[in-house]
Amino acid sequence: MKLHKLLEVLGPFVHYDGENPEITSIENDNRKVTKGSLFICIKGYTVDGHDFAESAVDQGAVAILAERELNLKVPVIVVKDTQRSMAMLADAFYDQPSHKLHMIGITGTNGKTTTSHLIDKIFTDAGQTTGLIGTMYTKIGDQKYEVKNTTPESLTLQKTLRKMVDEKVETTVMEVSSHALVHGRVHGTDYDVAVFTNLTQDHLDYHKTMEEYKKAKGLLFSQLGNSFNHRKPKYAVLNADDPTSEEYKRSTAATPFTYGIDQDADLQAKNVEMSASGTSFDLVSPFGVHKVNIQLIGKFSVYNVLAGIGTALVSGIPLPTIISSVEDVKGVPGRFEPVDAGQSFSVIVDYAHTPDSLENVLNTVRQFAKKRIFVVVGCGGDRDRTKRPLMAKIACENATDPIFTSDNPRSENPEQILSDMEEGVKGENYTKITDREEAIRYAVQQAEDGDVILIAGKGHETYQQIGNEIFDFDDREIAFKAIKQRKEQ
Ligand SMILES: Nc1ncnc2c1ncn2[C@@H]1O[C@H](COP(=O)(O)OP(=O)(O)O)[C@@H](O)[C@H]1O
Ligand SMILES: [Mg+2]
């Protein structure tokens with residue numbers, strides 16, 4: 001695409017009528033620049049892309065988009081906000097891929113990954129080619145790609161969506177983090193369905209107050225559905241049991257479709273019955289009442305399944321297909337994932353790393369645990385500190401044997417993180433073992449027949465970050481080995 005043509009999307013106030021080179025790619029990482037690239041200078045937290053403009057030119061960039069004049073031998077186009085412009089340029093350069101996909105965006109504090117995987121499965125089972133963008137990976141058809149962020153920045157996002165269109169993907173489901181919404185990473189992405197899971201305390205380090213956090217997540221809904229398309233109406237799938245949904249309902253022009261357990265909703269689970277092996281409920285929907293038996297455990301799983309069913313229903317998938325698909329789901333890696341090495345006690349690995357999700361999983365464990373409950377839990381470094389004492393308190397309140405340990409300490413001192421946790425549980429009984437592997441081994445050594453060990457916080461992760469170093473670390477593998485070793489003793 002020619003530079004002049006591309007810049008048209010930025011509107012009449014961007015004045016540029018100089019050279020008009022062919023743009024072969026758009027990049028914001030100078031290391032990726034090749035001959036013919038347009039390089040966009042983005043001011044990040046730690047680095048300023050403007051400092052790399054010259055090196056980009058050396059690598060072959062034929063034009064630069066910047067927030068100030070730069071003295072370079074290629075055209076420099078100055079705009080007020082390169083981040084915002086980047087989303088517009090990416091959308092145009094990749095020819096508006098989100099318009100060609102059935103786009104589903106999921107936001108909320110907990111359950112995004114799980115719900116997105118459920119949705120992906122339902123659409124796949126219904127015979128569609130699907131795409132998925134989220135915490136664990138990006139998936140196009142059957143092909144998986146590693147990711148850096150749960151929601152990529154606009155350039156990578158539009159490029160990924162383009163690839164999906166090219167590979168004949170019909171429906172794309174993506175996790176939309178609140179950071180991504182605030183930073184405009186999804187600007188220009190045309191969602192057809194926006195899904196809300198729930199809103200509880202998390203990321204307050206970043207958003208400062210719940211009010212701001214609520215607004216951040218709400219952007220997905222307020223930006224949805226302002227132009228009606230009668231052939232393809234837009235929907236907001238909302239959790240009726242979460243009071244925030246009322247606000248999101250008011251802020252969107254899309255048609256609301258609600259799900260819930262306790263409150264009346266368009267889609268409601270009644271007579272929920274739980275066991276250690278699964279959950280059953282009566283699904284009350286506009287299509288009548290149907291018995292559903294899922295293999296997932298816990299009330300929160302019912303919410304995720306309802307969100308998935310609601311999304312599939314508003315997307316026109318027949319209810320019987322949807323039900324058989326959700327009944328078939330065994331689980332999502334690292335989400336309430338059992339570790340089974342033939343031991344006589346249960347070991348469960350779960351990604352719960354927020355006060356609310358920890359409380360939820362522990363409540364779920366309590367519903368079937370017959371004896372002691374061990375919980376191995378820590379809090380990540382360089383992240384919200386206010387949740388540390390809360391999580392420790394929840395561990396002590398809901399488990400018989402809380403064991404505090406490290407999560408990903410990152411640049412923080414692991415001992416300091418543990419002290420922050422201990423602030424919330426003065427005078428309570430708990431064990432403190434800084435080394436996570438040791439903590440898991442300790443729990444495995446102590447457990448007896450019928451006990452449950454919950455290893456919380458890292459779920460599917462296969463590494464641990466201490467300082468700047470990243471070590472191989474997989475809770476599931478370590479627990480498995482510890483159980484084996486105990487048996488050999
Ligand atoms: N609907 C839910 N409500 C509360 N907690 C949940 C819900 N779904 C999952 N969880 C808990 O949160 C953890 C993270 O789930 P995940 O699906 O990865 O959410 P996210 O992608 O939003 O972080 C799970 O391991 C589980 O403990
Ligand atoms: Mg996630």
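All ligand and atom numbering here is 1-based and tracks the order in the structure. Numbers for residues simply follow the sequence, beginning at 1. These values consider heavy atoms only, across backbone and side chains, with no hydrogens, waters or symmetry-generated copies. From a predicted model like this one, the values you see are computed outputs, not experimental measurements.
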Lining ligand 1 at under 4.0 Å, by non-hydrogen atom distance, are residues T109, N110, G111, K112, T113, T114, E175, N198, F300, N304, R335, D350, Y351, A352, D356, S357, N360, V361
Electrostatic pair K370:D451 at N-O distance under 4.0 angstrom:
no
Between R84 and E153, is there a salt bridge with N-O shorter than 4.0 Å?
no
With a cut-off of 2.8 Å, does T113 put an N/O/S atom close enough to the Mg ion (ligand 2)?
yes
Quick check: does Y351 have an N/O/S atom under 2.8 Å of the Mg ion (ligand 2)?
no
Sort and list the pairs that fulfil ring-ring contact (aromatic ring centres under 6.0 Å, His included) and have at least one residue in residues 245-268, not counting sequence neighbours.
F196-Y248, F221-Y248
Are side-chain heavy atoms of V332 and M136 found at a separation under 4.5 Å?
yes
So does E438 get a backbone contact from the side chain of D435, meaning a donor-acceptor N/O pair under 3.5 Å?
yes
Restricting to N, O or S atoms of E175, which is nearest to the Mg ion (ligand 2)?
OE1
Output field: ring centroids Y137/H117 closer than 6.0 Å:
yes
For F404 together with Y430, are the ring centres under 6.0 Å from each other?
yes
